Amino acid sequence: MTTRSISHLIIGFGKAGKTLAADLAKHGESVILVEQSAAMYGGTCINIGCIPSKLLLVEGEKSARLTDKSAAFQAAMQRREQLTSALRAANYNKLATIPGVEILTGTARFLSPNVVEVLTEDGACQIEAERIYINTGARPATLALEGADDKRIYDSTELLQLDSLPARLVIVGGGYISLEFACMYAAFGTDVTILEQGDTFLAREDRDVAEAMLAMLADRGVKVVLQAETKRFVPGEEAVTVVTSQGEYAAEAVLVAIGRRPNVEALHLEAAGVQLTSRGFVQTDEYLRAAPNIWAMGDVAGSPQFTYVSLDDYRIVRDQILGEGKRTTKDRLLLPTSVFTTPTLAQVGMTETMAAASGRPYEVKRLQTAAIPKAKILGETHGLLKAIVDTETGLILGATLFCPEAHELINLLKLAMDHQIPAAALHTQIFTHPTIAEALNDLFAPN
Ligand SMILES: Cc1cc2nc3c(=O)[nH]c(=O)nc-3n(C[C@H](O)[C@H](O)[C@H](O)COP(=O)(O)OP(=O)(O)OC[C@H]3O[C@@H](n4cnc5c(N)ncnc54)[C@H](O)[C@@H]3O)c2cc1C
Ligand SMILES: NC(=O)c1ccc[n+]([C@@H]2O[C@H](COP(=O)([O-])OP(=O)(O)OC[C@H]3O[C@@H](n4cnc5c(N)ncnc54)[C@H](O)[C@@H]3O)[C@@H](O)[C@H]2O)c1
């Protein structure tokens, strides 16, 4: 078996790993990046996550004008394939052409804290590295239930690659993936039912926001069933039936979207002295250090599962290798989020419920999406905008935007909050017209 030595070994072609590899090499360092699958060059986001799902959401909305939904669905899937293939090739070539970076296609596992074995198609090789970075991501959690091996039961990766449009889709789980896929498939004309085991829909959101989301889903024909414990799947000839504590639901396709688990098993982390958290993620400190010469970044490190957080993990690790070593997970400040339903639900900082529990003096600002001229132009009037303002300091404590373009606008609010721009400044800020952004003038008007 060949043994090689390298300064930096990155395991996994995720957002953090690929960005770090390029940066290190541009600073004259030598890097090997190991990726287990040629179909995953570039990682989850571009191949099986953010990019294909958002493309299909957009294509679904466009299909509203078309009568042949099946043809529209198949054309959308082709576009998805073209885009992800092109991005995958671009991601590979961008890294592979940087002097100092080598991409090795194979599965990595630790033999000791600084030696990793990589199993490739051509056999195994050992790599001794001064520094090792784990960026192996996560995979869909599965339901170990009777009938779960039926071919009509899918995870998100598989449902992004269906070759024909199902008449009915049942989604087990009521989180990010569920809501986005519900909108995506409903837009193509599929009859969608969401089965959530919890008793509260969108438990982290204020009830008026959750109600607005439910109204939007109902308008699109999406049914939501709460406290639905899935018990088993019963395969039939035409459909599979999901048997739950709240009744039985037959469908041509079932999506299980109940969270994602870290990819740690293949790594043999015990050989590296790396610990796991109680939830099974790689245990790190706030510098993302997992052992003296080992770091973990992205989903596998238990970081909030977003591409932009994986990118921020890269910034933290980069600062230790190439910078001042000061940046930590605490420097992220507020973390904005966006569920790309139609319209988007975007959130940053405190909700009204959190503000009430905080004991701080606050007021709630509210605006209905239907009051925004641009929303009327778009014909997307579902939703509302809410902001929480500290009545002593006049600073914004949080915002929840359920309206068109909310995924863009939320970044403006994070900027205002991080840089302590008072709410009153947004009330009088000049915004272009007609835009959704100008609604901030009204949202932040004095109560
Ligand atoms: C359907 C879906 C939609 C999403 N939409 C959004 C969104 O809109 N916005 C957003 O911010 N986030 C979204 N996410 C989440 C986001 O995609 C992830 O948080 C992010 O991609 C995680 O990146 P990462 O850097 O942790 O690693 P990943 O990109 O997951 O990369 C890990 C890589 O490691 C490889 N690997 C695993 N084990 C080994 C091993 N032993 N040896 C070698 N290689 C290995 C894997 O094959 C993989 O390519 C979505 C996720 C999904 C599933
Ligand atoms: N727009 C985005 O940024 C985006 C989009 C998709 C995914 N993601 C990321 O990917 C992660 C994973 O997404 P997800 O939707 O799989 O997980 P999630 O954690 O967002 O939601 C899972 C949901 O499934 C429910 N659940 C769990 N077990 C269940 C069961 N047995 N039966 C019924 N319901 C059950 C949970 O109560 C929860 O509501 C997200 O948390 C997010 O970080 C982000």
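Residues: numbered from 1 along the sequence shown. Counting convention: from 1, in listed order, for ligands and their atoms alike. Note that the coordinates shown come from a computational prediction; the quantities given were computed from them, not determined experimentally.
Under a 4.0 Å criterion applied to the non-hydrogen atoms of Phe13, ligand 1 contributes the atoms 33 (C), 34 (O). Those atoms of ligand 1 that come under 4.0 Å of a heavy atom in Leu267, given as number and element, are 41 (N).
When each of Leu226, Val172, Leu202, Ile171 is tested with Glu196 by the rule side chain to side chain contact (heavy atoms under 4.5 Å, CB included), just one qualifies, namely Leu226. Screening Leu24, Ile32, Leu33 for a side chain to side chain contact (heavy atoms under 4.5 Å, CB included) involving His8 leaves a single residue, Leu24. Of the listed residues (Ile132, Ile294, Asn135), just one forms a side chain to side chain contact (heavy atoms under 4.5 Å, CB included) with Ile11, and that residue is Ile132.
In terms of N/O distances under 3.5 Å, ligand 1 is not approached by Ser156. Here's the thing with Lys15: one of its N/O atoms is less than 3.5 angstrom from an N/O atom of ligand 1. Backbone and side-chain nitrogen or oxygen atoms of Thr44 are examined, and one is located within less than 3.5 angstrom of a nitrogen or oxygen of ligand 1. Of the polar atoms of Glu180, none of the N or O atoms is found under 3.5 Å from an N or O of ligand 1, judged by distance alone. Residue-to-ligand polar distances place Lys54 within reach of ligand 1: an N/O pair is separated by less than 3.5 Å. Any N or O atom pair closer than 3.5 Å counts here, and Thr307 shares at least one such pair with ligand 1.
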List, pair by pair, the atoms of ligand 2 and of the protein that are both N or O and lie under 3.5 Å apart, giving the separation rounded to 0.1 Å.
unit_1, atom_1, unit_2, atom_2, d
ligand 2, 1 (N), Glu180, OE2, 2.7
ligand 2, 1 (N), Ser338, O, 2.8
ligand 2, 15 (O), Tyr176, N, 3.3
ligand 2, 15 (O), Ile177, N, 2.9
ligand 2, 16 (O), Gly259, N, 2.9
ligand 2, 17 (O), Gly259, N, 3.4
ligand 2, 20 (O), Tyr176, N, 3.2
ligand 2, 28 (N), Gln197, NE2, 3.4
ligand 2, 31 (N), Gln197, OE1, 3.4
ligand 2, 34 (N), Gln197, N, 3.3
ligand 2, 37 (O), Glu196, OE2, 2.7
ligand 2, 39 (O), Glu196, OE1, 2.7
ligand 2, 43 (O), Gln305, O, 2.7

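Remark: among candidates Glu35, His407, Arg260, the nearest residue to atom 33 (C) of ligand 1 is Glu35, based on non-hydrogen atoms.
Applying the 6.0 Å contact sphere to NZ of Lys26 captures no more than 12 heavy atoms from other residues, nucleotides or ligands.
By the 4.0 Å N-to-carboxylate-O rule, Asp206 lies too far from Arg366 to be salt-bridged with it. Between Glu61 and Arg220 there is a salt bridge, with a side-chain nitrogen of the basic residue lying less than 4.0 Å from a carboxylate oxygen of the acidic one.
Aromatic ring centroids of Phe233 and Tyr249 lie 6.0 Å or more apart.
Using a 30° and 60° split on the angle between ring planes, Phe73 and Tyr185 fall in the tilted class, from 30° to 60°. Taking the six-membered ring where tryptophan is involved, the planes of Phe306 and Tyr176 are perpendicular, since the angle between them exceeds 60° and thus also 30°.
Heavy atoms of Ile48 come nearer than 4.0 angstrom to ligand 1 in at least one pair. Put simply, no part of Ser37 is less than 4.0 Å from ligand 1, judged by heavy atoms. Using a non-hydrogen distance threshold of 4.0 Å, Ala301 does not register as a contact of ligand 1.
Partners of Gln347 under the side-chain hydrogen bond (donor to acceptor under 3.5 Å, both in side chains) rule, at least two apart in sequence or in another chain, are Thr400.
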